[in-house]
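To keep things clear, I will list the structure first and then write my remarks on it.
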Amino acid sequence: MKSDLSNKNKIKSFNSLLKKIKRNPEEGLREFHVRYSKKITAVAFSICKNQNDADEVLQNVLIKIWNFAKDPKSVDNPDGWIYSITLNTARDMIKQSPFVELNEQTPVFEEGFDKIEGELHFYRLIEGLSEEEKQIVLLKFVWACTFTEIAQYLKKPISTVTNVYYRALQKIEDKLR
């Protein structure tokens, strides 16, 4: 019961934020950025595999949110909705960007390395997982979704979600050994 109430408050708060973006885009987008930028960047990074592209995906998602907020409709699953937009934006970016082969002559940028080192470790751990496993692990760890929320978003039974999740954790554990 408490979960339903907190979920309703989350939905109400998110839809209020969309209205705020419409009224005052600068302030509303700043608040949106504070609330969701880490989650968006994490999903984008898991797809794009580099921080510059993940940052660009974040900017593109913010533009899409701003455009959507011009004539907002009620969003019933804010985290799932943002996750879908981010996933699709990142996938579109990969389709459009040319492949760059890394070699010893590729310039290395040290700025920001320390900041993303922990994130890189996480993404290295999940890189061998299937897309479905990555999606569920990201939703669980980065988005802090419950199994029920993940099951609703993916339109799968909770038992399937938990099985995939624990199978993914086992693969990660095996990789660490």
Side-chain angles (χ1 to χ4, degrees), residues 2-97 115-116 118-120 122-123 126-127 129-156 158 160-162 164-165 168:
K2 187 178 180 183
S3 177
D4 287 344
L5 187 58
S6 67
N7 197 33
K8 287 180 183 179
N9 287 337
K10 183 190 264 188
I11 292 167
K12 186 176 181 180
S13 173
F14 182 80
N15 287 309
S16 294
L17 180 57
L18 288 176
K19 290 175 186 171
K20 186 175 191 176
I21 293 170
K22 180 179 181 174
R23 285 191 314 274
N24 185 342
E26 186 175 335
E27 187 178 321
L29 284 171
R30 187 177 307 117
E31 186 176 331
F32 185 91
H33 187 274
V34 168
R35 278 196 211 175
Y36 295 101
S37 64
K38 287 182 181 179
K39 293 177 179 182
I40 292 169
T41 303
V43 172
F45 191 89
S46 74
I47 303 296
C48 299
K49 307 287 192 255
N50 76 65
Q51 192 63 43
N52 288 334
D53 288 347
D55 290 339
E56 189 172 334
V57 168
L58 171 63
Q59 296 306 313
N60 289 336
V61 169
L62 290 172
I63 291 168
K64 289 178 181 186
I65 298 300
W66 177 59
N67 285 327
F68 180 82
K70 290 177 183 177
D71 185 26
K73 293 144 188 80
S74 182
V75 175
D76 295 332
N77 181 358
D79 287 343
W81 185 72
I82 294 169
Y83 181 85
S84 293
I85 291 171
T86 304
L87 194 65
N88 291 333
T89 302
R91 286 178 176 164
D92 289 346
M93 177 177 228
I94 287 186
K95 289 177 191 171
Q96 294 171 358
S97 58
K115 178 181 170 188
I116 63 170
E119 292 175 7
L120 285 172
F122 175 74
Y123 294 113
I126 67 170
E127 72 185 353
L129 303 178
S130 70
E131 283 300 313
E132 179 182 45
E133 291 168 335
K134 281 182 191 177
Q135 186 177 34
I136 290 172
V137 168
L138 281 168
L139 286 168
K140 186 72 175 153
F141 284 107
V142 178
W143 288 75
C145 292
T146 65
F147 287 125
T148 303
E149 291 170 331
I150 296 170
Q152 288 171 348
Y153 170 67
L154 297 176
K155 296 177 178 60
K156 295 184 182 235
I158 292 176
T160 301
V161 170
T162 57
V164 171
Y165 173 76

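For this chain, numbers begin at 1 and follow the sequence in order.
The backbone N or O of Gly28 sits nowhere less than 3.5 Å from a side-chain atom of Glu31 that would complete a donor-acceptor pair. Side-chain atoms of Thr41 do not come within 3.5 Å of backbone N or O of Lys38 as any donor-acceptor pair. At least one donor-acceptor pair under 3.5 Å links the side chain of Ser84 to the backbone N or O of Gly80. Distance alone, capped at 3.5 Å, is enough to place a donor-acceptor pair between the Glu149 side chain and the Thr146 backbone. Without hydrogens or angle criteria, Thr160 side chain to Lys156 main chain gives no donor-acceptor distance under 3.5 Å. Between the side chain of Lys49 and the backbone N or O of Ser46, at least one donor-acceptor pair lies under 3.5 Å.
Scanning all heavy atoms of the two residues, the minimum distance from Val142 to Ala42 falls at CG1-CB, 3.4 Å. Residues Val57 and Met93 approach most closely at CG2-SD, 3.5 Å, considering heavy atoms. Considering every non-hydrogen atom in both Ala54 and Cys48, the closest pair reads N-CB, 4.4 Å. Between Cys145 and Ile150, the closest heavy-atom pair is CB-CG1, 3.7 Å. The nearest pair of heavy atoms linking Lys70 to Lys22 is O-CE, 3.3 Å. Smallest separation of non-hydrogen atoms from Ile158 and Ala151: CG1-CB, 3.6 Å.
For Ser13 and Arg35, the side-chain atoms include at least one donor-acceptor pair closer than 3.5 Å. Under 3.5 Å, the side chains of Asp55 and Asn52 contain no donor-acceptor pair of N or O atoms.
Taking the six-membered ring for Trp and thresholds of 30 and 60 degrees, Trp143 and Tyr83 have ring planes more than 60 degrees apart, a perpendicular arrangement.
A 4.5 Å side-chain heavy-atom check between Ile136 and Leu154 finds at least one atom pair inside the cut-off. Residues Val161 and Tyr153 are not in side-chain contact: their nearest non-hydrogen atoms beyond the backbone lie 4.5 Å or more apart. In this structure the side chain of Leu18 reaches within 4.5 angstrom of the side chain of Ile65, judged on heavy atoms. Side-chain atoms of Val137 and Gln135, non-hydrogen and from C-beta on, never get closer than 4.5 Å to each other.
For Trp81 and Phe68, the ring centers are positioned less than 6.0 Å apart.
Here the CG atom belonging to Leu58 is positioned 10.5 Å from the CD atom belonging to Glu56, to the nearest 0.5 angstrom. Considering CD1 of Ile40 and CD1 of Ile85, their distance stands at 8.5 Å, rounded to 0.5 Å. Distance check, rounded to the nearest 0.5 Å: CG of Asn50 to CZ of Phe45 gives 7.0 Å. Here the straight-line distance linking atom NZ of Lys8 with atom CG of Asp76 works out to 11.5 Å at 0.5 Å rounding. In this structure, OG in Ser74 is found 7.5 Å from CD1 in Ile11, a value given to the nearest 0.5 Å. Of the inter-residue distances, the one linking Thr89 atom OG1 with Lys64 atom NZ reads 3.0 Å to the nearest 0.5 angstrom.
One finds no salt bridge joining Lys20 and Glu26 here, because no Lys/Arg side-chain nitrogen approaches an Asp/Glu carboxylate oxygen to under 4.0 Å.
In this structure, Lys140 satisfies the cation-pi test against Phe147, with its NZ or CZ atom closer than 6.0 Å to the six-membered ring centre and inside 45 degrees of the ring normal.
The only member of Asp79, Asn15, Asn77 that meets side chain to side chain donor-acceptor pair (under 3.5 Å) when paired with Lys10 is Asp79. Of the candidates Leu138, Asn88, Leu87, Leu87 is the only one forming a side chain to side chain contact (heavy atoms under 4.5 Å, CB included) with Ile47.
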ask   = Can Tyr36 and Leu17 be said to form a side-chain contact (heavy atoms from CB on, under 4.5 Å), step by step?
value = CA-CA 12 Å; Tyr36 295 101; Leu17 180 57; 4.3 Å; yes

